[in-house]
A.B. asks: 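Attaching a single structure in C-alpha coordinates format; questions to follow.
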Amino acid sequence: MSPLLLFWIYLKASLFSTGGFGNLPSLHTDLIGHGLASENQFVGAMAIGQISPGPSGLWVVCLGYLTCGLSGSLIALGAIILPPLLIIGVDRIYTKANKHPAVEGFAHGLGLAVVSIGFVILFQMLYKEGIDIFSVVIVLISMALMATRKAPILMILAIGGIAGIFMTH
Amino acid sequence: MQQTVIKSDNSSHMNFATLFKVWFTIGIQSFGGGMATLSLIRTIAVEREKWLSDIEFARYWSLCQVAPGINLLALTTLLGRRIAGIRGIVVCLAGLLFPSVTITIILTAFYSQATRFPLMTKAMHGIMPATIGLGIYTLANMTISLLKESQSAGKQGLYISIGVCIAAACAMLILNLQVFAILIISGLVYAFYQWRASIKEKETE
(Lines give C-alpha, C1' and ligand atoms only; values in the text may rest on other atoms or scores of the structure.)
Protein backbone atom coordinates (compact mmCIF):
# COMPACT_ATOMS: atom_id res chain seq x y z
CA MET A 1 0.00 0.00 0.00
CA SER A 2 1.68 3.17 -1.17
CA PRO A 3 1.74 6.00 1.40
CA LEU A 4 0.47 8.38 -1.27
CA LEU A 5 -2.62 6.25 -1.90
CA LEU A 6 -3.25 5.94 1.84
CA PHE A 7 -2.91 9.72 2.17
CA TRP A 8 -5.43 10.19 -0.61
CA ILE A 9 -7.94 7.82 1.03
CA TYR A 10 -7.77 9.81 4.28
CA LEU A 11 -7.79 13.19 2.48
CA LYS A 12 -10.74 12.29 0.29
CA ALA A 13 -12.78 11.19 3.29
CA SER A 14 -12.12 14.40 5.21
CA LEU A 15 -12.51 16.74 2.26
CA PHE A 16 -16.08 15.68 1.64
CA SER A 17 -17.18 15.61 5.23
CA THR A 18 -17.74 18.07 7.98
CA GLY A 19 -17.19 17.30 11.64
CA GLY A 20 -15.30 14.65 13.57
CA PHE A 21 -16.95 11.45 12.34
CA GLY A 22 -18.24 12.66 8.97
CA ASN A 23 -15.39 10.84 7.27
CA LEU A 24 -16.40 7.51 8.80
CA PRO A 25 -18.57 6.11 5.96
CA SER A 26 -15.97 6.86 3.28
CA LEU A 27 -13.05 5.51 5.31
CA HIS A 28 -15.03 2.44 6.29
CA THR A 29 -15.82 1.66 2.68
CA ASP A 30 -12.30 2.30 1.40
CA LEU A 31 -10.20 0.74 4.17
CA ILE A 32 -12.32 -2.28 5.03
CA GLY A 33 -13.24 -2.78 1.41
CA HIS A 34 -9.57 -3.10 0.47
CA GLY A 35 -8.63 -5.16 3.50
CA LEU A 36 -6.54 -2.38 5.00
CA ALA A 37 -8.37 -2.27 8.34
CA SER A 38 -10.65 -4.42 10.48
CA GLU A 39 -13.93 -3.56 12.24
CA ASN A 40 -12.19 -3.97 15.59
CA GLN A 41 -9.61 -1.42 14.63
CA PHE A 42 -12.36 1.03 13.67
CA VAL A 43 -14.21 0.57 16.96
CA GLY A 44 -11.00 0.86 18.97
CA ALA A 45 -9.88 3.96 17.12
CA MET A 46 -13.24 5.67 17.63
CA ALA A 47 -13.26 4.90 21.36
CA ILE A 48 -9.74 6.22 21.88
CA GLY A 49 -10.59 9.28 19.79
CA GLN A 50 -13.42 10.10 22.17
CA ILE A 51 -11.34 10.03 25.33
CA SER A 52 -7.99 11.26 24.09
CA PRO A 53 -7.29 15.01 24.05
CA GLY A 54 -8.04 17.20 21.07
CA PRO A 55 -10.90 16.97 18.59
CA SER A 56 -12.64 13.61 18.42
CA GLY A 57 -11.68 13.76 14.73
CA LEU A 58 -8.21 12.61 15.80
CA TRP A 59 -9.69 9.10 15.90
CA VAL A 60 -8.37 8.88 12.34
CA VAL A 61 -4.83 9.24 13.71
CA CYS A 62 -5.57 6.29 16.02
CA LEU A 63 -6.82 4.28 13.06
CA GLY A 64 -3.68 5.15 11.13
CA TYR A 65 -1.57 3.88 14.01
CA LEU A 66 -3.55 0.67 14.51
CA THR A 67 -3.36 -0.21 10.83
CA CYS A 68 0.06 1.07 9.82
CA GLY A 69 2.02 2.07 12.89
CA LEU A 70 3.56 5.50 13.40
CA SER A 71 3.87 6.30 9.69
CA GLY A 72 0.17 5.49 9.27
CA SER A 73 -0.77 7.88 12.06
CA LEU A 74 1.36 10.67 10.57
CA ILE A 75 -0.12 10.17 7.09
CA ALA A 76 -3.62 10.35 8.60
CA LEU A 77 -2.68 13.48 10.55
CA GLY A 78 -1.38 15.24 7.45
CA ALA A 79 -4.55 14.34 5.59
CA ILE A 80 -6.92 15.69 8.25
CA ILE A 81 -5.10 18.98 8.75
CA LEU A 82 -5.51 20.13 5.14
CA PRO A 83 -9.33 20.31 4.61
CA PRO A 84 -10.08 22.59 7.61
CA LEU A 85 -7.71 25.19 6.14
CA LEU A 86 -10.32 25.76 3.44
CA ILE A 87 -12.36 27.60 6.09
CA ILE A 88 -10.27 30.61 5.17
CA GLY A 89 -11.89 30.63 1.74
CA VAL A 90 -15.35 30.15 3.25
CA ASP A 91 -14.77 33.01 5.67
CA ARG A 92 -13.43 35.29 2.89
CA ILE A 93 -16.55 34.69 0.82
CA TYR A 94 -18.73 35.33 3.85
CA THR A 95 -16.89 38.51 4.80
CA LYS A 96 -17.19 39.93 1.29
CA ALA A 97 -20.84 38.99 0.99
CA ASN A 98 -22.14 39.65 4.49
CA LYS A 99 -23.19 43.23 3.82
CA HIS A 100 -26.15 41.75 1.99
CA PRO A 101 -28.96 41.15 4.49
CA ALA A 102 -29.72 37.74 3.03
CA VAL A 103 -26.15 36.52 3.58
CA GLU A 104 -26.03 37.89 7.09
CA GLY A 105 -29.43 36.32 7.71
CA PHE A 106 -28.20 32.98 6.34
CA ALA A 107 -25.25 32.92 8.74
CA HIS A 108 -27.55 33.86 11.61
CA GLY A 109 -30.07 31.14 10.75
CA LEU A 110 -27.18 28.68 10.48
CA GLY A 111 -26.01 29.64 13.97
CA LEU A 112 -29.49 29.15 15.42
CA ALA A 113 -29.73 25.69 13.89
CA VAL A 114 -26.23 24.76 15.10
CA VAL A 115 -27.01 25.53 18.75
CA SER A 116 -30.45 23.87 18.60
CA ILE A 117 -29.06 20.70 17.04
CA GLY A 118 -26.27 20.82 19.60
CA PHE A 119 -28.81 20.80 22.45
CA VAL A 120 -30.68 17.89 20.85
CA ILE A 121 -27.45 15.89 20.53
CA LEU A 122 -26.53 16.59 24.15
CA PHE A 123 -29.92 15.42 25.40
CA GLN A 124 -29.74 12.35 23.19
CA MET A 125 -26.34 11.57 24.71
CA LEU A 126 -27.77 11.99 28.21
CA TYR A 127 -30.73 9.77 27.33
CA LYS A 128 -28.39 7.07 26.01
CA GLU A 129 -26.20 7.36 29.09
CA GLY A 130 -29.26 6.98 31.29
CA ILE A 131 -31.17 9.79 32.96
CA ASP A 132 -30.78 8.97 36.62
CA ILE A 133 -30.14 11.07 39.69
CA PHE A 134 -26.39 10.56 39.39
CA SER A 135 -26.04 11.81 35.83
CA VAL A 136 -28.44 14.73 36.34
CA VAL A 137 -26.51 15.83 39.44
CA ILE A 138 -23.21 15.63 37.56
CA VAL A 139 -24.67 17.67 34.68
CA LEU A 140 -25.87 20.34 37.11
CA ILE A 141 -22.62 20.45 39.06
CA SER A 142 -20.67 20.73 35.82
CA MET A 143 -22.87 23.62 34.64
CA ALA A 144 -22.57 25.37 37.99
CA LEU A 145 -18.79 25.05 38.01
CA MET A 146 -18.61 26.42 34.47
CA ALA A 147 -20.76 29.37 35.52
CA THR A 148 -18.23 30.33 38.18
CA ARG A 149 -15.75 30.87 35.32
CA LYS A 150 -13.07 29.81 37.75
CA ALA A 151 -13.10 26.02 37.51
CA PRO A 152 -10.72 24.54 34.93
CA ILE A 153 -12.52 22.25 32.49
CA LEU A 154 -10.07 19.42 33.10
CA MET A 155 -10.94 19.59 36.79
CA ILE A 156 -14.65 19.37 35.99
CA LEU A 157 -14.04 16.27 33.84
CA ALA A 158 -11.81 14.75 36.53
CA ILE A 159 -14.54 15.27 39.13
CA GLY A 160 -16.95 13.52 36.79
CA GLY A 161 -14.50 10.67 36.28
CA ILE A 162 -13.82 10.17 39.96
CA ALA A 163 -17.53 10.32 40.75
CA GLY A 164 -18.10 7.73 38.05
CA ILE A 165 -15.49 5.37 39.54
CA PHE A 166 -16.93 5.57 43.04
CA MET A 167 -20.61 5.63 42.17
CA THR A 168 -20.76 3.00 39.42
CA HIS A 169 -21.06 -0.67 40.26
CA MET B 1 10.82 32.07 18.72
CA GLN B 2 10.43 35.61 17.39
CA GLN B 3 9.56 38.19 19.97
CA THR B 4 6.98 39.77 17.64
CA VAL B 5 4.17 41.22 19.61
CA ILE B 6 0.72 40.32 18.39
CA LYS B 7 -1.89 42.97 18.83
CA SER B 8 -5.53 42.05 18.99
CA ASP B 9 -8.44 44.39 19.48
CA ASN B 10 -9.24 43.86 23.11
CA SER B 11 -6.68 41.46 24.45
CA SER B 12 -3.33 41.82 26.09
CA HIS B 13 -0.24 41.88 23.93
CA MET B 14 1.17 38.46 23.38
CA ASN B 15 4.17 37.06 21.52
CA PHE B 16 4.15 33.89 19.44
CA ALA B 17 5.79 31.84 22.18
CA THR B 18 3.00 32.74 24.60
CA LEU B 19 0.36 32.12 21.93
CA PHE B 20 1.81 28.66 21.36
CA LYS B 21 1.76 28.02 25.12
CA VAL B 22 -1.91 29.06 25.37
CA TRP B 23 -2.92 26.63 22.61
CA PHE B 24 -0.58 23.96 23.99
CA THR B 25 -2.47 24.16 27.29
CA ILE B 26 -5.74 23.85 25.40
CA GLY B 27 -4.40 20.84 23.53
CA ILE B 28 -3.18 19.12 26.67
CA GLN B 29 -6.39 19.71 28.61
CA SER B 30 -8.90 18.89 25.91
CA PHE B 31 -9.89 15.43 27.13
CA GLY B 32 -13.49 14.40 26.72
CA GLY B 33 -14.10 15.00 23.03
CA GLY B 34 -15.31 17.86 20.89
CA MET B 35 -17.67 19.61 23.25
CA ALA B 36 -15.07 19.85 26.03
CA THR B 37 -12.50 21.23 23.58
CA LEU B 38 -15.02 23.73 22.20
CA SER B 39 -15.86 24.87 25.74
CA LEU B 40 -12.18 25.24 26.53
CA ILE B 41 -11.47 27.25 23.38
CA ARG B 42 -14.49 29.47 23.99
CA THR B 43 -13.54 30.10 27.63
CA ILE B 44 -10.05 31.17 26.63
CA ALA B 45 -10.85 33.01 23.40
CA VAL B 46 -13.96 34.89 24.56
CA GLU B 47 -13.78 35.11 28.36
CA ARG B 48 -10.08 35.14 29.19
CA GLU B 49 -8.09 36.53 26.26
CA LYS B 50 -11.02 38.41 24.73
CA TRP B 51 -9.83 37.80 21.18
CA LEU B 52 -13.41 38.08 20.02
CA SER B 53 -16.95 38.44 21.31
CA ASP B 54 -19.43 35.64 21.99
CA ILE B 55 -21.45 36.48 18.91
CA GLU B 56 -18.36 36.49 16.71
CA PHE B 57 -17.37 33.15 18.22
CA ALA B 58 -20.84 31.77 17.46
CA ARG B 59 -20.55 33.09 13.91
CA TYR B 60 -17.15 31.43 13.42
CA TRP B 61 -18.45 28.14 14.83
CA SER B 62 -21.44 28.09 12.52
CA LEU B 63 -19.24 28.77 9.47
CA CYS B 64 -17.06 25.81 10.54
CA GLN B 65 -20.07 23.52 10.40
CA VAL B 66 -20.40 23.99 6.65
CA ALA B 67 -16.70 23.95 5.88
CA PRO B 68 -14.90 20.69 5.10
CA GLY B 69 -13.03 18.68 7.71
CA ILE B 70 -12.77 18.74 11.48
CA ASN B 71 -14.75 21.71 12.82
CA LEU B 72 -12.43 22.39 15.74
CA LEU B 73 -9.41 22.62 13.46
CA ALA B 74 -11.30 25.01 11.18
CA LEU B 75 -12.19 27.09 14.26
CA THR B 76 -8.54 27.11 15.38
CA THR B 77 -7.56 28.23 11.88
CA LEU B 78 -10.03 31.14 11.97
CA LEU B 79 -8.94 32.20 15.45
CA GLY B 80 -5.25 31.91 14.53
CA ARG B 81 -5.79 34.03 11.44
CA ARG B 82 -7.70 36.64 13.43
CA ILE B 83 -4.97 36.86 16.04
CA ALA B 84 -1.92 36.93 13.77
CA GLY B 85 -2.57 36.03 10.15
CA ILE B 86 -0.90 33.00 8.60
CA ARG B 87 1.71 32.72 11.34
CA GLY B 88 -1.13 32.77 13.84
CA ILE B 89 -2.77 29.82 12.07
CA VAL B 90 0.45 27.80 12.16
CA VAL B 91 1.20 28.59 15.82
CA CYS B 92 -2.34 27.90 17.06
CA LEU B 93 -2.72 24.64 15.11
CA ALA B 94 0.73 23.48 16.19
CA GLY B 95 0.02 24.38 19.81
CA LEU B 96 -3.28 22.51 19.80
CA LEU B 97 -2.18 19.46 17.86
CA PHE B 98 1.30 18.77 19.20
CA PRO B 99 0.27 17.61 22.70
CA SER B 100 -3.09 16.16 21.72
CA VAL B 101 -1.73 14.10 18.81
CA THR B 102 1.27 12.91 20.85
CA ILE B 103 -0.92 11.79 23.75
CA THR B 104 -3.40 10.23 21.31
CA ILE B 105 -0.66 8.19 19.65
CA ILE B 106 0.73 7.08 23.02
CA LEU B 107 -2.74 6.05 24.21
CA THR B 108 -3.27 4.11 20.99
CA ALA B 109 0.06 2.37 21.43
CA PHE B 110 -0.92 1.29 24.95
CA TYR B 111 -4.37 0.23 23.79
CA SER B 112 -2.95 -2.09 21.20
CA GLN B 113 -0.69 -3.65 23.84
CA ALA B 114 -2.85 -3.85 26.92
CA THR B 115 -6.34 -5.07 27.74
CA ARG B 116 -9.11 -2.58 28.40
CA PHE B 117 -9.30 -1.17 31.92
CA PRO B 118 -12.74 -1.57 33.59
CA LEU B 119 -11.90 1.52 35.65
CA MET B 120 -11.99 3.58 32.45
CA THR B 121 -15.55 2.44 31.72
CA LYS B 122 -16.64 3.47 35.21
CA ALA B 123 -14.91 6.83 34.89
CA MET B 124 -16.69 7.42 31.55
CA HIS B 125 -20.02 7.07 33.38
CA GLY B 126 -19.13 10.26 35.17
CA ILE B 127 -17.19 12.00 32.40
CA MET B 128 -20.10 11.75 29.97
CA PRO B 129 -22.60 13.78 32.06
CA ALA B 130 -19.81 16.21 33.00
CA THR B 131 -19.15 16.79 29.29
CA ILE B 132 -22.88 17.25 28.71
CA GLY B 133 -22.99 19.88 31.46
CA LEU B 134 -20.07 21.73 29.82
CA GLY B 135 -21.84 21.54 26.51
CA ILE B 136 -25.10 22.93 27.85
CA TYR B 137 -23.29 25.88 29.42
CA THR B 138 -21.31 26.64 26.23
CA LEU B 139 -24.29 26.30 23.91
CA ALA B 140 -26.49 28.35 26.25
CA ASN B 141 -24.03 31.25 26.09
CA MET B 142 -23.91 31.11 22.30
CA THR B 143 -27.70 30.88 22.10
CA ILE B 144 -28.17 33.91 24.33
CA SER B 145 -25.79 36.00 22.23
CA LEU B 146 -27.55 34.93 19.02
CA LEU B 147 -31.00 35.73 20.44
CA LYS B 148 -29.77 39.09 21.75
CA GLU B 149 -28.56 39.92 18.27
CA SER B 150 -31.95 39.01 16.76
CA GLN B 151 -33.65 41.14 19.35
CA SER B 152 -31.60 44.18 18.36
CA ALA B 153 -33.50 44.10 15.06
CA GLY B 154 -36.84 44.05 16.89
CA LYS B 155 -39.21 41.66 18.65
CA GLN B 156 -40.18 40.01 15.37
CA GLY B 157 -36.57 38.97 14.75
CA LEU B 158 -36.46 37.41 18.20
CA TYR B 159 -39.67 35.41 17.68
CA ILE B 160 -38.53 34.19 14.26
CA SER B 161 -35.19 33.14 15.77
CA ILE B 162 -36.87 31.20 18.55
CA GLY B 163 -39.12 29.63 15.92
CA VAL B 164 -36.12 28.56 13.83
CA CYS B 165 -34.48 27.02 16.92
CA ILE B 166 -37.58 25.02 17.83
CA ALA B 167 -38.15 23.96 14.22
CA ALA B 168 -34.54 22.83 13.83
CA ALA B 169 -34.71 20.81 17.05
CA CYS B 170 -37.99 19.19 15.98
CA ALA B 171 -36.65 18.44 12.51
CA MET B 172 -33.77 16.59 14.13
CA LEU B 173 -35.77 14.76 16.82
CA ILE B 174 -39.05 13.99 15.12
CA LEU B 175 -38.42 14.15 11.40
CA ASN B 176 -34.89 12.73 11.59
CA LEU B 177 -33.66 15.04 8.87
CA GLN B 178 -29.97 15.10 7.92
CA VAL B 179 -28.04 17.67 9.97
CA PHE B 180 -26.63 19.36 6.89
CA ALA B 181 -30.13 19.78 5.42
CA ILE B 182 -31.44 21.33 8.65
CA LEU B 183 -28.53 23.80 8.73
CA ILE B 184 -29.05 24.92 5.12
CA ILE B 185 -32.83 25.20 5.44
CA SER B 186 -32.57 27.22 8.67
CA GLY B 187 -30.05 29.51 6.99
CA LEU B 188 -32.33 30.02 3.99
CA VAL B 189 -35.40 30.66 6.15
CA TYR B 190 -33.69 33.36 8.17
CA ALA B 191 -31.99 34.76 5.06
CA PHE B 192 -35.42 35.18 3.50
CA TYR B 193 -36.81 36.84 6.62
CA GLN B 194 -33.85 39.23 6.91
CA TRP B 195 -34.05 40.11 3.23
CA ARG B 196 -37.81 40.84 3.46
CA ALA B 197 -37.26 42.87 6.64
CA SER B 198 -34.61 44.99 4.97
CA ILE B 199 -36.89 45.66 1.98
CA LYS B 200 -39.70 46.76 4.30
CA GLU B 201 -37.26 49.00 6.13
CA LYS B 202 -36.17 50.63 2.89
CA GLU B 203 -39.81 51.17 1.87
CA THR B 204 -40.63 52.95 5.11
CA GLU B 205 -37.60 55.25 4.80
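In the text below, chain A, chain B and the rest are named by the order of the sequence lines, each starting its count at 1.
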A.B. asks: Go through the atoms of A/Leu82 and report whether side chain, backbone, both or neither lie under 4.5 Å from a heavy atom of chain B.
C.D. replies: neither
A.B. asks: ring-ring contact (aromatic ring centres under 6.0 Å, His included) with A/His34: which residues, sequence neighbours excluded?
C.D. replies: none
A.B. asks: Enter the distance from B/Ile132:CD1 to A/Ile121:CD1 here, rounded to the nearest 0.5 Å.
C.D. replies: 11.5 Å
A.B. asks: Is a donor from one side chain sitting under 3.5 angstrom from an acceptor on the other, for A/His108 and B/Glu149?
C.D. replies: yes
A.B. asks: Checking heavy atoms, do the side chain of A/Leu122, its backbone, both or neither come under 4.5 Å from chain B?
C.D. replies: both
A.B. asks: At a heavy-atom separation under 4.5 Å, does A/Leu145 approach chain B through its side chain, its backbone, both, or neither?
C.D. replies: neither
A.B. asks: Can you tell me how far apart CG (A/Leu110) and CG (B/Leu188) are? Round to the nearest 0.5 Å.
C.D. replies: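 The CG atom of A/Leu110 sits 9.5 Å away from the CG atom of B/Leu188.
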A.B. asks: Output the distance between atom CD1 (B/Ile127) and atom OG (A/Ser142), rounded to the nearest 0.5 Å.
C.D. replies: 11.5 Å
A.B. asks: Between atom CZ of A/Arg149 and atom OG1 of B/Thr43, what is the distance when rounded to the nearest 0.5 Å?
C.D. replies: 8.5 Å
A.B. asks: Please identify, among B/Val101, B/Leu173, B/Leu97, B/Val164, the residue contributing the most non-hydrogen atom pairs under 4.5 Å to chain A.
C.D. replies: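 Ranked by heavy-atom pairs under 4.5 Å with chain A, first place is B/Val101.
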A.B. asks: Tell me, for A/Phe166 versus chain B, whether the close heavy atoms (under 4.5 Å) come from the side chain, the backbone, both or neither.
C.D. replies: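 Looking at A/Phe166, nothing touches chain B.
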A.B. asks: So does A/Phe134 have more than 12 non-hydrogen atoms from other groups sitting under 6.0 Å from CZ?
C.D. replies: yes
A.B. asks: Side chain from CB out, backbone as N, CA, C, O: work out which of these in A/Ala144 comes under 4.5 Å of a heavy atom of chain B, or both, or neither.
C.D. replies: neither
A.B. asks: Go through the atoms of B/Ala169 and report whether side chain, backbone, both or neither lie under 4.5 Å from a heavy atom of chain A.
C.D. replies: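 Backbone plus side chain of B/Ala169, per the 4.5 Å heavy-atom cut-off to chain A.
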